[in-house]
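Have a look at the structure below, then the notes.
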Amino acid sequence: MGNMGKAAESWLKTTPSGLFCEPGGFYVDPTRPVERAVISHAHADHARPGHEYVLATAGTLAVMRTRMGAERAGAKQQEIAYGEALKIGDVTVTLYPAGHVLGSAQIGIVYGGTRVVISGDYKRQFDPTCVGFEVVRADVFVTEATFGLPVFQHPAAAGEIAKLLGSVAMFPERTHVVGCYALGKCQRLIGELRRAGYDKPIYLHGAHVAVCETYRAQGVKLGELRPATVADKASLKGAIVLAPPSAIADRWARRLEDPVVCMASGWMRIRQRAKAGGVELPLIISDHADWNDLITTIREVQAPEVWVTHGNEEALIHALSRLQIRARALRLIGYGDEEAA
Ligand SMILES: [Zn+2]
Ligand SMILES: [Zn+2]
């Protein structure tokens, strides 16, 4: 480790398909089909179909197979456990928990005495449905920056869940429909509701059923889940319904009985955004690190060099320079933000 290693940018390169590790011959979260891919997690912008060989955790591969079909998830799929070291060519690859969604991993690559850790998407808040983020010391830390502005401060999820349950108690005749994306946020909301003692059935839009089943098959307990059929709106009185963000704004949700439209996203910190989306009850629940957690994590990883990718790179790089941490923007394209949907 340290300064004796080979400068990472000489062997870990930015390409139109994403980060390419030359001595290992693989891409990290490639944005188009490649021969060898190491994948951090199963969100659609990081896990694309059609690679020849895919290395990822069991959880990530299981979700990929659910969403894209077994074959499209990778002609050859290799599972790797957190913390297990695997030699690929001249490099050693190890995946570490990222705390983002089921199976999500940071990707550690050691070559010529230099360790690079690529965070993928991550959060530091507790999540009952996935393994918590692990701090790994590195020479180069590649971090996401989705919420890389000081305005983004995510409160504890338990408090936001208490707001939801408070509203359910106050409006027992209405249906609370919560917009949340299908992989990660949906299951985390269910897990947090159960932790808060909510033991009634939770209703799911059809788009959320398959990934919940995959979580269960991976050992995550979610309690009783039922399909939400808008035709049967009487039985949804007083219930909590989870649906994709796109469904809460359209006719699907409006056919429910006097719905309370809720949305769970880090972007709900911005009031205008909630208003514009017709959201009555915004819940600030995010699966990405907020501003403080980005800075805290970067300090704990203690990397002398930080590469910042997808999000608000400039503000974060500026803040790091004031902390004497050398950082630069990686101009990777093709990564979005599932919470913005
Ligand atoms: Zn993600
Ligand atoms: Zn991402």
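Counting starts at 1 for both ligands and their atoms, in listed order.
A salt bridge links Glu300 with Arg124: at least one charged nitrogen is closer than 4.0 Å to a carboxylate oxygen. Under a 4.0 Å N-O distance rule, the pair Asp293/Lys123 does not qualify as a salt bridge.
Apart from Tyr27 itself, the hydrophobic cluster it occupies contains Phe20, Val34, where clustering links Ile, Leu, Val, Met, Phe, Trp and Tyr at side-chain heavy-atom distances under 4.5 Å.
Between the NE2 atom of His41 and the NE2 atom of His100, the angle centred on the Zn ion (ligand 1) amounts to 100° when rounded to 10°.
Near-neighbour remark for the Zn ion (ligand 2): protein N, O or S atoms under 2.8 Å are His46 NE2, Asp121 OD1, Asp121 OD2, His310 NE2; waters not counted.
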Give the intermediate values and the outcome of ring pair (Phe, Tyr, Trp, His ring centres under 6.0 Å) for residues Trp11 and Tyr111. CA-CA 9 Å; Trp11 56 268; Tyr111 175 62; 5.2 Å; yes

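Side chain of Thr60 to backbone of Gly103: a donor-acceptor contact under 3.5 angstrom is found.
Between the side chains of Tyr53 and Gln78, at least one donor N or O sits under 3.5 Å from an acceptor N or O.
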